[in-house]
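Notes follow the structure.
Index from 1, following the sequence. Counting convention: from 1, in listed order, for ligands and their atoms alike.
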Amino acid sequence: MPTTVVVGLQWGDEAKGKIVDYLAEHASMVVRYNGGNNAGHTVVVGDQTYKFHTMPAGILHPNVTAVIADGVVIDPAVLCGELSSLSARGIDTGKLKISSTAHVIMPWHKLLDSLEERHRGSQKIGTTGRGIGPCYQDKYGRWGLRICDLIDPERCALRTREILEYKNSLIKSVFGGEPLDASEICDEYGTYAEAIAPHVADTSHLVSKAQGAGESIVFEGAHGSLLDIDHGTYPYVTSSHPISGGATVGTGIGPRCIDEVVGVAKVYTTRVGEGVFMTELHGEQGEAIRQKGAEFGTTTGRPRRCGWFDAVAVNFTSRINSCSRLALIKLDVLTGQKSLKIATAYEIDGKITRQFPQDTTVLNRATPVYEEMPGWSESVVEARQLEHLPANARAYIDRISELVEVPVWAVSVGERRDQTILMD
Ligand code: IMP
C-alpha cells in the first residue's frame with residue numbers, strides 16, 4: 001500500500017490510531033491532515049499506552065517522519081505538552097514536521113467555543129471545548145493566525161493585537177464575557193513558538209517529494225466521516241473534513257497521489273456529543289457495551305453513546321470515501337451477546353430506504369430496520385486468523401462486508417498491536 005488514507009467511517013473513536021500504527025511500521029511518513037486536539041488516538045505498545053491529540057500516531061516509529069499538515073488546527077500548548085511527554089518517554093520527536101500554513105488555536109477560540117455553546121443552550125453541539133469550530137471559522141473568515149505568523153514574534157504580536165481588537169468586542173458585547181489581554185498571550189505563545197519553530201516546514205513539498213520517490217505514506221484522518229462538515233450529520237459535526245478527500249486538500253497533494261483508502265469501523269457504533277444516532281441503545285445493553293468496550297472519550301473522558309452497527313450509514317461513508325478496504329475493530333467487545341442486530345435499512349415516513357438521507361431532519365425521523373444474527377460466547381482475543389474465530393463471528397463480519405460493499409482487510413480483536421487478524 002504505497003499511499004494509504006486511513007479514515008473513520010462512523011462518528012469518530014473507531015481506533016484508527018491502531019491501524020495507522022500498524023501501517024506505519026512499513027511507512028516512511030505519517031501525515032495528519034485535519035482537525036485538532038479534539039481528536040484522541042490511543043496506541044498500545046506492549047505494556048505502554050500512548051494517547052495522542054495533535055501528534056500523528058506514526059511518531060512512535062523511529063523510521064517515520066510524522067507530519068502535521070496544512071489542514072490541521074494546532075493548539076501550541078497541547079502540542080508542546082505532547083512533545084515533552086513523548087521525549088520524557090524516550091521517543092524521538094526530531095522527525096516531526098509542522099506545516100507553516102496550519103492555523104493556530106488561540107485563547108479567544110477556546111473562550112468563544114464555550115461562549116457559543118452556552119449561547120446555543122438546548123441546541124448545543126456538545127463540542128470538545130477545544131476551540132476547534134471558532135478556529136476554523138476564523139480560517140475561512142480570513143481572521144486566522146498561522147504557524148508562520150506564530151514563529152515570527154513581530155508578526156505574531158501585530159496579528160494578535162489586530163485580531164484581538166475585533167474578538168474582544170465580540171466577547172464583550174455579544175456574549176458579555178471578559179476581554180483577553182494581548183501582551184499576556186504574546187508572552188505565553190512566544191515560548192511555544194520557540195519549541196515549535198525547529199519543526200516548521202513546507203510539508204506539502206515534503207509529502208510530494210516522498211510520494212514522487214515511491215515512498216510509503218499513511219494519511220491519518222482524525223474523527224469520523226459522519227462528523228464531516230459537508231457530509232456528516234450537520235450541524236452536529238466537527239468543522240473539518242475527516243473524509244479521504246480531506247487528505248488531499250489538507251496536505252496539498254492531488255487526488256491521483258492516493259492509492260488506497262482504508263475505512264475503519266467498530267463492529268458496533270458509538271457517538272460522543274449531541275445529535276442523531278439511529279441505532280442507539282439506551283438501556284442495559286448500551287451500558288454493557290460501554291463498560292466492556294471502555295467507551296469513554298480519550299480527549300474529554302465523556303461516556304460515549306453506544307448502539308448497534310449501522311450498515312446504511314457505513315455503506316454511505318464507504319462510498320463518499322471511496323474505500324478500498326475495511327478494518328473492523330473491537331470484535332472482542334461483542335463476545336457474550338446472545339444475538340446481534342445490524343441496521344440494513346431505515347424506515348422514513350412509512351417508506352423503506354437504504355439510502356442515507358442528506359438532511360439531518362429527515363434522518364431524525366428514521367427508524368432502523370434490523371437484521372438479527374446469532375452471537376458467540378467463545379473468546380476471540382487470541383485469534384490471529386479468520387479461521388480461529390467462531391463461525392458466528394465470521395458470519396457477522398462477512399455480513400457487514402456484504403452490506404457495506406467493501407472487502408474486509410483487518411479485524412481487531414483487542415487493543416494490543418498483535419491482536420489483529422489480517423487478510424493478506
Ligand atoms: P468539536 O470538534 O470540538 O467542535 O465538536 C463537534 C462534535 O464533534 C462534538 O459532538 C464532538 O463530540 C465531536 N467530536 C470531535 N472530535 C471527535 C473525535 O475525535 N471523536 C468523537 N467525536 C468527536
Original post:
Given the rule in the side chain to side chain donor-acceptor pair (under 3.5 Å) test, do Thr4 and Glu260 qualify, once you have shown the distances and angles that lead to the verdict?
Top reply: CA-CA 5 Å; Thr4 307; Glu260 293 273 359; over 6 Å; no
among protein heavy atoms, the one nearest atom 12 (O) of ligand 1 is Arg302 NH2, 2.9 Å
Is the charged tip of Arg89 near the ring of Tyr50: under 6.0 Å from the six-membered ring centre and within 45° of its axis? yes
Item to check | Under 3.5 Å: donor-acceptor pair, side chain of Ser324, backbone of Val261 | outcome: yes
Taking only non-hydrogen atoms of Ala39 and a 4.0 Å limit, the atoms of ligand 1 in range are 19 (O)
Report yes if Val272 has an N/O atom closer than 3.5 Å to an N/O atom of ligand 1; otherwise report no. yes
Ligand 1 to Gly126, heavy atom cutoff 4.0 Å, flagged ligand atoms 9 (C), 10 (O), 11 (C), 12 (O)
Atom 19 (O) of ligand 1 sits nearest the protein heavy atom His223 ND1, 3.0 Å
When distances are taken from atom 2 (O) of ligand 1, the protein heavy atom at minimum range is Thr238 OG1, 2.6 Å
Problem set entry | Under 3.5 Å: donor-acceptor pair, side chain of Gln419, backbone of Glu415 | yes
Audit row: Asn321, Ser225, side chain to side chain donor-acceptor pair (under 3.5 Å) steps and yes/no
CA-CA 8 Å; Asn321 282 292; Ser225 303; 2.9 Å; yes
All heavy atoms of Val237 vs all of Leu226, minimum pair found to be CG1-O, 3.8 Å
message: For ligand 1, which is the ligand I care about here, please tell me if Arg130 has any N or O atom under 3.5 Å from one of the ligand's N or O atoms.
response: no
_Does the residue Ala222 have a heavy-atom contact with ligand 1, meaning some pair of atoms that are separated by less than 4.0 Å?_
no
For Ile125, the atoms of ligand 1 under 4.0 Å from one of its heavy atoms are 6 (C), 10 (O)
Item to check | Greater than 12 external heavy atoms within 6.0 Å of Gln355's CD | outcome: no
Note: ligand 1 atoms sitting under 4.0 Å from heavy atoms of Leu227 are 8 (O), 13 (C), 14 (N), 22 (N), 23 (C)
Heavy-atom proximity to atom 4 (O) of ligand 1, picking from Thr127, Asp113, Asp13, Ile229, points to Thr127
task: Could you tell me if any non-hydrogen atom of Trp11 lies under 4.0 Å from any atom of ligand 1?
output: yes
Atom 3 (O) of ligand 1 sits nearest the protein heavy atom Thr128 OG1, 2.6 Å
Smallest heavy-atom separation, Lys330 atom then Val267 atom, equals O-CG2, 3.4 Å
Between the side chains of Arg271 and Asp13, is the shortest nitrogen-to-carboxylate-oxygen separation below 4.0 Å, so that they form an ion pair?
no
For atom 7 (C) of ligand 1, the closest protein heavy atom turns out to be Val237 O, 3.7 Å
